[in-house]
Number of protein chains: 4
Amino acid sequence: MDLFAGHGYSSTKLDDIATHEGITKGTIYLYFESKEKLFQAVIQRIIVKEIEKGKKLAVEHEGSQRDLLRKLIHYWWSMVGETRLAGIPKLMTSEASNFPELSSFFVDNVTCRARAIFVEIIEEGITNGEFRKLDANYVARLVLAPLVFAVIWEKSLSPYDKEKNHMIFISI
Amino acid sequence: MDLFAGHGYSSTKLDDIATHEGITKGTIYLYFESKEKLFQAVIQRIIVKEIEKGKKLAVEHEGSQRDLLRKLIHYWWSMVGETRLAGIPKLMTSEASNFPELSSFFVDNVTCRARAIFVEIIEEGITNGEFRKLDANYVARLVLAPLVFAVIWEKSLSPYDKEKNHMIFISI
Amino acid sequence: MDLFAGHGYSSTKLDDIATHEGITKGTIYLYFESKEKLFQAVIQRIIVKEIEKGKKLAVEHEGSQRDLLRKLIHYWWSMVGETRLAGIPKLMTSEASNFPELSSFFVDNVTCRARAIFVEIIEEGITNGEFRKLDANYVARLVLAPLVFAVIWEKSLSPYDKEKNHMIFISI
Amino acid sequence: MDLFAGHGYSSTKLDDIATHEGITKGTIYLYFESKEKLFQAVIQRIIVKEIEKGKKLAVEHEGSQRDLLRKLIHYWWSMVGETRLAGIPKLMTSEASNFPELSSFFVDNVTCRARAIFVEIIEEGITNGEFRKLDANYVARLVLAPLVFAVIWEKSLSPYDKEKNHMIFISI
DNA sequence: TATGAATGAGGGTTCATTCAT
DNA sequence: TATGAATGAACCCTCATTCAT
């Protein structure tokens with residue numbers, strides 16, 4: 001995934017992957033039937049693994065929704081933004097139209113699911129009067145956008161940006 | 001640009017481009033010396049043209065900074081989000097690491113310049129007491145992130161998203 | 001011919017030729033039906049013109065055959081070795097197998113004809129006792145070889161030769 | 001080498017080479033990184049191998065310099081003229097200007113070295129009174145020219161020459 | 001007569017994929 | 001299970017050739 005995230009799908013050669021893993025190109029075909037399937041597997045395995053973890057942590061909270069929201073944002077960052085998962089959003093947005101099935105899978109299982117968690121928290125907060133009444137879906141998107149965007153930016157144009165005041169959310 | 005934005009740089013064949021333009025592959029080389037230069041030209045020509053327009057409109061405002069901010073956000077959308085420029089952010093983030101020079105040019109001339117406009121407005125608003133005191137850079141990024149992100153999303157994973165409640169900013 | 005002699009047949013582009021002549025590619029096709037025909041014409045026109053000249057000068061000699069031989073060698077050099085014709089031998093040997101017809105023409109009309117002149121002189125010299133009895137054909141070839149070779153060498157590997165003691169025949 | 005010598009560098013297609021060797025085009029790139037490098041390798045491998053052989057044989061002579069010279073000429077022919085090496089002189093003169101580095105290498109390591117051997121013999125012969133006093137360098141060139149020329153001719157225009165009295169040196 | 005925009009076949013090169021070992 | 005030599009389709013690019021003007 002490091003390679004795919006670093007150079008994009010087509011720029012990543014099977015030779016590079018093999019070298020990177022200390023094996024030969026032929027060996028890859030013992031485990032994956034094509035580069036495309038390999039790419040899908042790379043994404044799916046990582047995602048599936050991590051999503052399980054995420055769900056657990058999202059439920060056992062006590063205290064205000066405001067705290068939970070804050071906690072979850074930090075959690076998202078520590079789980080995605082600062083790990084090797086950080087490369088995935090850029091990768092998925094870049095290759096979306098070349099991998100329709102994978103994209104559908106990703107949107108359904110990652111994007112929507114993550115958003116749902118935030119929506120629920122916000123709605124709960126509205127119900128109990130903590131938050132003022134807003135469309136929870138919009139708010140969830142507004143909260144997530146800077147996070148996801150920060151990660152995409154970091155893995156793409158940020159290296160060429162001389163004004164280095166990123167990580168905006170840390171101060172939230 | 002539609003083709004590059006749609007499939008990415010390497011997945012876009014010169015044959016496709018030629019067909020799309022109703023010419024043949026060879027003809028492209030009468031005007032661009034390589035696929036890479038063509039790509040750069042695609043980006044730069046559009047940008048340069050539009051940036052000129054942008055600068056003019058950003059200055060002649062009377063009234064509150066709050067109104068100006070609101071106006072500019074809508075303006076950004078009408079100028080970028082709803083036009084053919086919408087494909088550029090996705091394109092640039094996708095191909096950034098494959099085109100270092102172009103990326104530098106883009107960050108310097110587009111990203112930073114646009115952000116600077118917002119920073120100035122926010123600082124003016126802080127000075128005259130309209131806004132509370134915050135780091136204007138962070139705020140500018142927080143304002144722009146959802147806009148840019150919306151456009152990237154629209155051109156990538158959005159088509160696979162069944163929950164169609166985008167365009168979050170319209171209600172601002 | 002300068003271009004063909006300088007870079008070889010395939011390395012010489014019609015574009016280069018056009019530029020060199022101050023016209024455009026299309027114009028060439030008003031006068032020659034293909035690159036191949038153009039090449040043949042280039043060779044043939046120059047040759048035909050010069051061969052006429054050669055023949056005249058070879059006949060009006062008075063004095064010893066030895067002097068004539070010496071004179072002709074110098075003449076060959078002043079006519080071929082030091083003029084733009086110098087590029088032709090290299091060109092013809094390089095492209096021989098790609099232009100069978102032209103090669104036949106060249107051998108028949110240039111090589112053999114030139115050799116015949118030398119053969120005749122040598123045979124005359126043998127008859128009148130000036131030269132000792134040898135196969136005139138071999139001698140003619142032995143005389144011409146260094147001349148032609150000098151010219152081929154000059155237009156090919158000589159520029160890379162640090163030992164610059166060429167022009168061997170001058171001292172003859 | 002047969003193919004390069006026969007049709008010249010650019011006229012020789014990698015497809016032809018592959019077919020000739022009973023492999024496919026792609027396979028060539030497992031062993032040579034480009035057509036150019038392949039060409040260089042073709043020349044260099046043959047040369048380097050043969051030059052080693054040549055050096056040994058040139059030293060152990062007893063008897064007159066005249067005999068040695070004669071012997072060496074015959075040796076040159078049996079080593080170059082009648083073997084696969086025969087194609088190299090034509091190839092090198094044809095492609096010289098397209099391969100500057102290779103040409104320098106060739107001149108330094110083959111041409112000059114071979115000439116040096118002849119120069120030495122001739123100078124020795126002059127010293128011991130066998131030969132009359134002449135510039136040894138010119139003589140060496142005069143001796144070698146017909147040899148090299150014969151080989152170039154044989155591989156180029158000779159097939160189109162109806163007067164088949166070549167091999168002039170055999171009678172020396 | 002001359003142009004120059006356009007063509008398209010064919011070249012060198014890359015690389016995902018295969019398969020005998 | 002693992003290799004790595006070999007493949008061949010497909011890419012970018014070149015350039016001789018054409019043709020409307």
Side-chain angles (χ1 to χ4, degrees), chain A residues 3-4 7-19 21-39 98, chain B residues 3-4 7-19 21-39 98, chain C residues 3-4 7-19 21-39 98, chain D residues 3-4 7-19 21-39 98:
Chain A
L3 295 174
F4 280 130
H7 314 110
Y9 177 75
S10 358
S11 296
T12 301
K13 320 298 174 201
L14 286 186
D15 254 333
D16 300 340
I17 296 174
T19 305
E21 297 298 325
I23 55 174
T24 56
K25 244 191 319 187
T27 308
I28 294 171
Y29 284 84
L30 297 176
Y31 299 94
F32 305 97
E33 67 185 33
S34 72
K35 187 187 179 186
E36 204 165 322
K37 297 281 187 195
L38 165 62
F39 179 70
N98 295 324
Chain B
L3 295 174
F4 280 132
H7 313 110
Y9 178 75
S10 12
S11 298
T12 302
K13 320 298 173 202
L14 287 184
D15 255 332
D16 299 340
I17 296 173
T19 305
E21 298 296 325
I23 55 174
T24 54
K25 239 184 335 180
T27 307
I28 295 171
Y29 285 85
L30 296 176
Y31 301 94
F32 305 96
E33 66 186 30
S34 70
K35 188 187 178 186
E36 200 165 324
K37 297 279 187 196
L38 166 61
F39 179 72
N98 298 129
Chain C
L3 295 174
F4 280 131
H7 314 111
Y9 178 75
S10 0
S11 297
T12 301
K13 320 297 175 202
L14 286 185
D15 254 333
D16 300 339
I17 295 173
T19 305
E21 298 297 325
I23 55 174
T24 56
K25 245 190 319 185
T27 308
I28 294 172
Y29 284 84
L30 297 176
Y31 299 94
F32 305 97
E33 66 185 32
S34 70
K35 187 187 179 186
E36 203 165 323
K37 297 281 187 196
L38 166 61
F39 179 70
N98 295 323
Chain D
L3 295 174
F4 279 132
H7 313 110
Y9 178 75
S10 11
S11 297
T12 302
K13 321 299 175 201
L14 286 184
D15 254 333
D16 300 339
I17 296 173
T19 305
E21 299 296 326
I23 54 175
T24 55
K25 240 185 336 179
T27 307
I28 295 171
Y29 284 84
L30 296 176
Y31 300 94
F32 305 96
E33 67 186 30
S34 70
K35 188 187 179 187
E36 201 166 325
K37 296 279 187 196
L38 166 61
F39 179 72
N98 298 130

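All values below were derived from every heavy atom in this structure, side-chain atoms included, with hydrogens, water molecules and symmetry-related copies excluded. Below, chains carry the letters A, B, ... as their sequence lines are ordered, and counting in each starts from 1.
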- Message: Need the bend value for the helix from E:dA2-F:dT21 to E:dT21-F:dA2: angle between end axes, 5 pairs each end, nearest 10°.
- Response: 20°
- Message: Without decimals, in angstroms, what is the distance between C:Phe32 CZ and F:dT18 C1'?
- Response: 18 Å
- How close or far is atom C1' of F:dC11 from atom NE2 of B:His7, stated in whole angstroms? 17 Å
- Message: Can you see if the side chain of C:Tyr31 gets near the phosphate of E:dA2 - specifically, an N or O under 4.0 Å from OP1 or OP2?
- Response: yes
- Message: Tell me the interatomic distance from B:Asp16, atom CG, to F:dA10, atom C1', rounded to whole angstroms.
- Response: 12 Å
- Message: Please report the interatomic distance OG(A:Ser11) to OH(B:Tyr9), rounded to the nearest 0.5 Å.
- Response: 9.5 Å
- Message: Expressed as a whole number of angstroms, how long is the span from A:Ile23:CD1 to F:dG4:C1'?
- Response: 13 Å
- Message: Rounded to whole Å, how long is the line connecting atom CD of D:Glu21 with atom C1' of F:dT7?
- Response: 17 Å
- Item | Shortest non-hydrogen separation from B:Ile17 to B:Leu3 and the atoms involved | CA-CD1, 3.7 Å
- Message: Whole angstroms only, please: what is the CD1-P distance between B:Ile17 and F:dC11?
- Response: 12 Å
- With a 4.0 Å cut-off on heavy atoms, is B:Ile28 in touch with a base, just the backbone sugar-phosphate, or nothing at all? nothing
For residues 22-34 of chain A, please give each side-chain donor-acceptor pair under 3.5 Å, one per line with the distance, not counting sequence neighbours.
from, atom 1, to, atom 2, distance (Å)
A:Thr24, OG1, A:Thr27, OG1, 3.2
A:Thr27, OG1, A:Thr24, O, 3.4
A:Ser34, OG, A:Glu36, N, 3.4
A:Ser34, OG, A:Lys37, N, 3.2

Restricting both atoms to N or O, compile the protein contacts to nucleotides 13-16 of chain F shorter than 3.5 Å, with distance only.
from, atom 1, to, atom 2, distance (Å)
F:dC13, OP2, B:Tyr29, OH, 2.3
F:dC13, OP2, B:Lys35, N, 2.9
F:dC13, O5', B:Tyr29, OH, 2.9
F:dC13, N4, B:Lys25, NZ, 2.9
F:dC15, OP1, C:Lys13, NZ, 2.7
F:dA16, OP1, C:Lys35, NZ, 3.4
F:dA16, OP2, C:Leu14, N, 2.9

- Query: Which atom names give the shortest non-hydrogen contact between D:Phe4 and D:Thr12, and what distance separates them?
  - Reply: CA-OG1, 3.6 Å
